[in-house]
Amino acid sequence: MATLIDQAFFARLHALNEKFAASVPATLARLEALRAQFDPAAADAALVKELHQSLHTIAGSAATFGFRVFGAQARQLEQRLRVLMAFELIAPKDWNDWLVALDEYIVWARQDPKAATYPGQPG
């Protein structure tokens, strides 16, 4: 028996893929804006929470829409941030190390968020 293909489903999925792809520049701009406000010497808890939520959202939806590495790298940043959030006191150097990784992610994603590899990661 032949498998029936639900053309309407695939059309909706394609539209959602296009919508996600179109939202990536704004998502990266939001991450950049949050990052610009970040003071490693006095991290604002609300800002940290917003960064965490943004990365969590990217990580949760990117792979669904064909942005596997974009999502996987967001998940790594999110997990590193969650570890930092678990401590009461975080040294500015630790925040700076995380921010460097965030900056690298944003630069990479601006070039090609649908890339199949990430620098320094096995591809």
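Side chains of Glu50 and Ser54: a donor-acceptor N/O pair is absent below 3.5 angstrom, by distance only.
The main-chain N or O of Leu84 is never found under 3.5 Å from a side-chain atom of Trp95 such that the two would form a donor-acceptor pair. For Tyr105 (side chain) and Val100 (main-chain N/O), no donor-acceptor pair under 3.5 Å exists by modelled atom type. Put simply, the side chain of Trp98 gets close to the backbone of Leu77: a donor and an acceptor are under 3.5 Å apart. Checking side-chain atoms of Asn96 against main-chain N and O of Pro92 turns up a donor-acceptor pair under 3.5 Å. The closest donor-acceptor contact from the side chain of Gln37 to the backbone of Ala33 lies under 3.5 Å.
Each of Phe65, Tyr118, Phe20 was compared with Phe70 under the side-chain contact (heavy atoms from CB on, under 4.5 Å) criterion, and only Phe20 meets it.
Residues Val107 and Asp103 fail the side-chain proximity criterion, which asks for heavy atoms closer than 4.5 Å. Within the 4.5 Å cutoff, no side-chain heavy atoms of Thr64 are placed close to those of Leu16. Annotation: side chain of Arg110 is in contact with side chain of Glu32 (closest heavy-atom distance under 4.5 Å).
The two residues Trp108 and Thr117 make their nearest non-hydrogen contact at NE1-O, 3.2 Å. Across all non-hydrogen atoms, the minimal contact from Ile58 to Ala74 is CG2-CB, 3.5 Å. Looking at every heavy atom in both residues, Arg80 comes nearest to Ala101 through NH1-CB, 3.2 Å. The two residues Pro113 and Phe67 make their nearest non-hydrogen contact at O-CD2, 3.3 Å. The nearest pair of heavy atoms linking Pro25 to Ala21 is CD-O, 3.7 Å. Contact between Leu34 and Leu47 at its shortest, heavy atoms only, is CD2-CD1, 3.4 Å.
Taken to the nearest 0.5 Å, the CZ atom of Arg82 stands 10.5 Å off from the CG atom of Leu55. For the atom pair CZ (Arg30) and CG (Leu28), the distance works out to 13.0 Å, reported to the nearest 0.5 Å. Atom-to-atom distance recorded for Leu102:CG and Leu31:CG is 6.0 Å, nearest 0.5 angstrom. To the nearest 0.5 Å, atom CG of residue Leu89 and atom CG of residue Asp94 are 11.0 Å apart. Taking NE2 from His52 and OG1 from Thr57, the interatomic distance works out to 9.5 Å, rounded to the nearest 0.5 Å. Atom NZ in Lys49 sits 12.0 Å away from atom CG in Asp44 (nearest 0.5 Å).
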Next item on the list: Could you go through the salt bridge (Lys or Arg N to Asp or Glu O under 4.0 Å) check for Glu78 and Arg75 one step at a time?
Entry: CA-CA 5 Å; Glu78 175 200 5; Arg75 178 75 68 212; 2.6 Å; yes
